[in-house]
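Okay, so here's the structure we're looking at.
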Amino acid sequence: MNSHKISRYVLLAVGLLILSACQQSSKTDTSSKVTIEYFNQKKEMSKTLQEIAADFEQKNPDIHVDVVDVPNAGEVIKTRMLSGDAPDVINLYPQSIELQEWAKAGYLEDLTDEPYLKNIKNNYAERFAVEDKIYNIPLTANVYGFYYNKTVFEQLGLIAPSTWQEFQELTAKIEQANQTPFAIAGAEGWTLNGYHQIAIATVTGGEAQANDVWRFSKVNGIKQDSKAMQGDFERLDLLRKSGAMQKNWQGAGYNDAVVAFTKGNALIMPNGSWALPLIQSQNPDFEIATFPFPAENKDKSLTIGAGDLALSISAQSKHKKEAQKFVDYMTTSEVMQKYYDVDGSPCAVEGVIENTTDSPLKGLTDLAFTDQHLVWLAKDWNSENDFYTLTTNYLYNGDQEMMIDGLNAFFNPMKATEKR
């Protein structure tokens, strides 16, 4: 064997030894870290959350945060919680029945005395307390109302309504201008959940009053001829008027409705703050603004929502110290400023500077964390999906009697034995 071959073998051997040492060192470094799983339900914010997790790891090199995104996250987390495979930190919507059930069952860590609660403003976490204890930290809130095409509104001399009568007049003017008022996702009824819930709330006077009509009335107590239900039908019928919704609205999904809106095929879209990133991705130059659901009287308009980016910790976590450290980090203004600058939803963390002048969501966020920002009515319900179907079915057929029968069938099994 000549000297050149010997040199090559020696170099190869040295290289393999170095590579092996590096790999061993890498394995050692990885194994020395504690990995916590963060279960995300805000898929549209995944990129930003990944960046935040990386920032956290730089400041806490002994902790790795595994940000997990899965399809059908809401159903997956239910299965995992019930099977004893709970993630360490969970993005869990605080108005959900799951939060209440899992907290009472001991699946979630009691966060009532954690010092980072002082970073949450307006006692927002307390609004979602379960038996006077806090199991969830809401960092942002969603708000629901109406997006509108600002450019075309200005061209037609239209202004956002501040009363229900003005809203009715506005849609009539849009139709008279040979334009379509509403972009609706008829195939995804959840997108109209906010519309229907605020509709009944504006008629009755608030979230408690609305649930007194639906959830806490007597069995079969929802009546077609009641003032509340006739007011509710009137608001649903605004969508049902001939030409009020875009063509083929019945089969339109969430994305289809956004496309119809951004293309100018309809001038108003009922939806939540979560839709803003999708709208802007469809058409970054599209000028939009928002307004809340108008009530009979001026200055009584309502929006509705709940904690959006909201964190709970599994009581079964093997790394509670590290999970607490991550949640603490998430409640800081520096971190949530980075999140807000992308998401734009109202932020519940003290010190975050929000855009209060030219944000497209200003019409809704002005009401955030006030008594005109209702919590989703379903916080007092046992389920919600069938309600979406009742709403869209009424838009299809306009059958009031069928709607009343459906509402009673939906709420009867969950009727409270006594009023609150």
Side-chain angles (χ1 to χ4, degrees), residues 40-52 67 69 73 91 93 139-156 158 160 174 179-185 187-188 190-195 245-246 249 252-293 303-310 335-349 352-368 373:
N40 178 39
Q41 294 203 64
K42 293 287 295 173
K43 291 188 72 66
E44 66 275 16
M45 290 299 292
S46 291
K47 183 176 181 291
T48 302
L49 288 165
Q50 291 279 2
E51 292 172 358
I52 289 172
V67 179
D69 284 301
N91 176 198
Y93 300 124
L139 304 174
T140 67
N142 48 49
V143 283
Y144 187 102
F146 301 93
Y147 292 89
Y148 67 92
N149 187 321
K150 190 175 178 183
T151 301
V152 177
F153 262 52
E154 290 175 354
Q155 290 172 352
L156 297 178
L158 305 174
I174 292 173
Q179 299 276 359
T180 301
F182 296 106
I184 299 295
E188 295 194 55
W190 65 268
T191 59
L192 291 168
N193 190 31
Y195 185 101
M245 298 182 280
Q246 85 277 22
W249 68 269
Y254 173 40
N255 189 70
D256 299 322
V258 172
V259 170
F261 178 58
T262 57
K263 284 187 174 181
N265 296 336
L267 302 189
I268 302 171
M269 182 178 69
N271 221 312
S273 51
W274 55 81
L276 182 60
L278 181 57
I279 293 170
Q280 293 178 328
S281 69
Q282 294 282 354
N283 188 348
D285 299 323
F286 187 44
E287 286 196 88
I288 54 174
T290 51
F291 62 88
F293 202 114
T303 184
I304 196 167
D308 198 38
L309 180 66
V335 171
M336 289 309 299
Q337 187 70 58
K338 181 172 185 173
Y339 186 93
Y340 171 82
D341 288 345
V342 178
D343 181 61
S345 293
C347 190
V349 174
V352 173
I353 300 172
E354 300 185 47
N355 183 351
T356 58
T357 54
D358 57 0
S359 168
L361 294 174
K362 177 176 169 56
L364 302 177
T365 57
D366 280 352
L367 301 183
H373 182 197

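We're numbering straight along the sequence, starting at 1. Just so it is clear, the values below take in all heavy atoms, side chains as well, and ignore hydrogens, waters and symmetry mates.
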Checklist outcome for this item: The complete set of side-chain hydrogen bond (donor to acceptor under 3.5 Å, both in side chains) pairs with one or both residues in residues 262-280, sequence neighbours excluded, reads Asn271-Trp274, Ser273-Ser345
Item to check | With Tyr340 via ring pair (Phe, Tyr, Trp, His ring centres under 6.0 Å) - residues at least two apart | outcome: none
Next on the checklist: Just to verify, what does Thr356 make a side chain to side chain donor-acceptor pair (under 3.5 Å) with, not counting sequence neighbours?
Outcome noted: none
Checklist entry - With Pro292, which residues qualify under side-chain contact (heavy atoms from CB on, under 4.5 Å), at least two apart? => result Ser301, Leu364, Leu367
Checklist entry - For Tyr147, what residues pass the ring pair (Phe, Tyr, Trp, His ring centres under 6.0 Å) criterion, not counting sequence neighbours? => result none
Next on the checklist: Val152: which residues meet the side-chain contact (heavy atoms from CB on, under 4.5 Å) condition with it, sequence neighbours left out?
Outcome noted: Asn149, Gln155, Leu156, Gln179, Leu267
Item to check | Minimal non-hydrogen separation, Phe182 against Phe146, with atom names | outcome: CE2-CE2, 4.4 Å
Next on the checklist: Under the rule for side-chain contact (heavy atoms from CB on, under 4.5 Å), what residues qualify as partners of Asn193, not counting sequence neighbours?
Outcome noted: Gln197, Trp376, Glu384, Phe387, Tyr388
Checklist entry - Do you know which two heavy atoms are closest between Ile304 and His373, and how far apart they sit? => result C-CD2, 4.1 Å
Next on the checklist: Can you list everything that forms a side chain to side chain donor-acceptor pair (under 3.5 Å) with Thr151? Sequence neighbours excluded, please.
Outcome noted: none
Next on the checklist: Which residues pass the ring pair (Phe, Tyr, Trp, His ring centres under 6.0 Å) test with Tyr339, not counting sequence neighbours?
Outcome noted: none
Item to check | Glu51: side chain to side chain donor-acceptor pair (under 3.5 Å) partners, not counting sequence neighbours | outcome: Lys47
Checklist outcome for this item: Applying side-chain contact (heavy atoms from CB on, under 4.5 Å) to Ser281 and not counting sequence neighbours gives Leu278
Item to check | Closest contact, heavy atoms only, Cys347 versus Met336 | outcome: SG-CB, 4.0 Å
Checklist outcome for this item: Asp366 meets the side chain to side chain donor-acceptor pair (under 3.5 Å) criterion, sequence neighbours left out, with Lys362
